[in-house]
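All values below were derived from every heavy atom in this structure, side-chain atoms included, with hydrogens, water molecules and symmetry-related copies excluded. Letters A, B, ... mirror the listed sequences (proteins, then strands); counts begin at 1. In this text the structure is predicted, and so the values were computed from the model without any measurement.
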Amino acid sequence: MIAAKSLQFIIEQVALYDDTSAYKELFFTYHSHLLHFSYSITQSKEVSEEVISDIFLQIWIKRKTLTSIQNFHLYLYVSTKNLSINRLKKLKKERTFLLDEVIVEFKSIYYDPEQLMISSEMYKRIVNAIQDLPPRCQMIFKLIKEDRLSYKEVAELLGLSIKTVENQMTIALKKISQAIRFDVRKTISF
Amino acid sequence: MSQNQFWNLIGKKLAGEATADEISELEELIKSNPELLYAAQHIEDLWKLNYFENDPGTAYANHLKKLKRKGIPFPENDLSYSNFRSKRVANRVILSASICIAILATILLTTYLLSHHNTNLEKRISTFSTQKASTSRLILPDSSSVVLNAGSKISYNEHFGISNRDINLTGEAFFDVKKNYIPFIIHTNDIQVRALGTAFNVKSYPDDKAIETSLIRGKVEITLEKRPDVKYVLEPDQKLIVRTDSNYEHKKWPPKAPLVVVSTLGHLQDSTVLETSWINNKLIFEDEPFKDIAKKMERWYGMTIVFEDKNVEDEHLTGSFEKENIIQALDALGLTAKFHYIIKSDSITITR
């Protein structure tokens with residue numbers, strides 16, 4: 001993620017100077033995160049790629065007004081959410097979007113478990129604990145951990161209270177921590 | 001204490017939302033509930049994991065094509081941002097170059113020092129030891145930390161942290177090793193433990209019949225002095241027990257067990273790890289013979305304990321001590337085991 005100061009700078013470059021390299025930097029930084037977020041709603045990679053592309057299309061077309069956006073980071077996520085729901089409705093007329101039905105992928109946790117230096121047993125337990133969490137809880141956890149949204153931003157994005165976001169985070173961490181303890185005794189001889 | 005508050009605060013801390021007051025509150029909670037540290041540490045490690053996407057270049061190229069298809073003007077220019085970028089890159093290159101030179105200089109200097117001071121290696125050795133009934137914490141020159149249990153001693157030479165990270169240990173210590181390209185190696189009489197950025201416990205008292213190494217985090221590699229070609233690698237929450245006395249018998253030891261056994265660490269109902277509970281000033285034992293517990297108590301309280309009755313010696317007991325003095329401890333044990341004790345100036349005799 002880009003630090004706040006640099007993000008501001010990039011936005012200004014695009015808005016005031018039509019800077020295409022800055023625009024590219026923006027795309028490269030956010031593409032993956034927004035794609036996964038959109039995918040958890042649409043369940044279609046193709047549709048989500050379109051969504052992201054359309055978002056950035058709008059950013060380019062309306063570039064002159066970018067600097068008037070209060071919270072650009074949040075704006076991207078809100079736009080992605082709205083557009084994704086919109087496309088989902090068109091795609092599957094009978095399906096409406098429910099926060100409790102999203103399927104969340106934790107790329108950062110599934111990507112390189114070796115980094116954690118824990119036993120494969122414990123890793124499996126952690127993954128199971130995360131997947132057992134209610135979808136809404138998983139989504140909140142992911143938005144805070146991987147997408148670096150604040151509690152307030154998550155609340156606004158999902159239309160929840162900050163207290164709810166806080167509680168869900170607590171639940172998630174507590175569940176995961178329970179996966180880290182166990183009391184099986186095993187003895188292996190050499 | 002409700003665990004909810006603890007995880008609530010951890011969440012805020014990880015998300016960068018915690019106020020200074022909340023951070024202090026969290027630290028206080030950890031101090032009074034150190035068993036939570038184990039899980040909290042793992043959660044923090046989990047949090048730091050990152051994912052790097054494959055190049056979004058293709059997606060971007062398709063995006064630009066789309067812009068073109070829609071007839072939206074998109075200049076192929078190189079503006080001030082790219083100049084900003086290349087300036088940053090240039091700075092990065094200069095920085096990397098200076099780091100390389102610094103490393104090279106350090107390597108040359110170290111080599112020079114080593115070749116001229118080989119014969120003096122033995123001379124300046126630092127030694128730290130604890131008395132009975134006390135633990136001490138210290139930070140090593142490489143920023144790793146050690147907690148020494150009662151009646152233990154470590155030593156290392158003056159090149160520790162520079163050309164070696166070798167430590168000699170007698171007794172018991174808990175190590176939290178900072179990641180470093182120099183291997184951290186602990187030498188005890190019978191085994192050698194090699195760590196790469198991990199947290200673990202080594203127990204090797206000369207009068208104990210077995211040496212134990214317990215791993216909390218990371219990975220360690222253990223070799224026996226007698227069999228240096230065989231390496232045992234421990235994963236977190238495992239421990240290695242090496243028997244030094246072939247006559248050692250323990251209720252839990254498999255019959256006719258070989259010299260070396262790998263087993264899992266004992267956990268209590270919360271996530272306290274049995275083997276490292278001493279660090280938090282708790283003495284915990286689970287279904288152990290009184291004579292073994294007495295040995296732990298000897299070190300814990302700094303008094304000698306002598307048994308006059310074999311049956312009492314062999315009785316198995318479970319319990320934990322934290323703030324009790326030795327009299328309270330013996331009285332507590334006396335509730336389940338049947339014995340009397342006589343206290344002299346620095347020793348205790350246990351009779352029927």
Under 4.5 Å from any heavy atom of chain A, what part of Ile72(B) do you find: side chain, backbone, both or neither?
side chain

Mind running side-chain contact (heavy atoms from CB on, under 4.5 Å) on Leu160(A) and Ile140(A) for me, showing each step along the way?
CA-CA 10 Å; Leu160(A) 306 166; Ile140(A) 291 172; 3.9 Å; yes

At a 4.5 Å cut-off on heavy atoms, which part of [X] comes close to chain B: side chain, backbone, both, or neither?
X	value
Phe56(A)	both
Asp54(A)	both
Glu12(A)	neither
Ile61(A)	side chain

May I ask you to check whether Phe141(A) and Trp47(B) place their ring centres under 6.0 Å from each other?
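They qualify: ring centres under 6.0 Å apart.
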
So, do Phe37(A) and His33(A) have ring centers that fall under 6.0 Å from each other?
no

Begin with the C-alpha distance, continue with both residues' side-chain angles, and end with the deciding distance and a verdict on side-chain contact (heavy atoms from CB on, under 4.5 Å) for Ile59(A) and Leu76(A).
CA-CA 10 Å; Ile59(A) 288 178; Leu76(A) 286 176; 3.6 Å; yes

Enumerate the salt bridge (Lys or Arg N to Asp or Glu O under 4.0 Å) contacts for residues 6-16 of chain B, please, sequence neighbours excluded, ordered by first and then second residue.
Glu166(A)-Lys12(B), Lys12(B)-Glu22(B), Lys13(B)-Glu44(B)

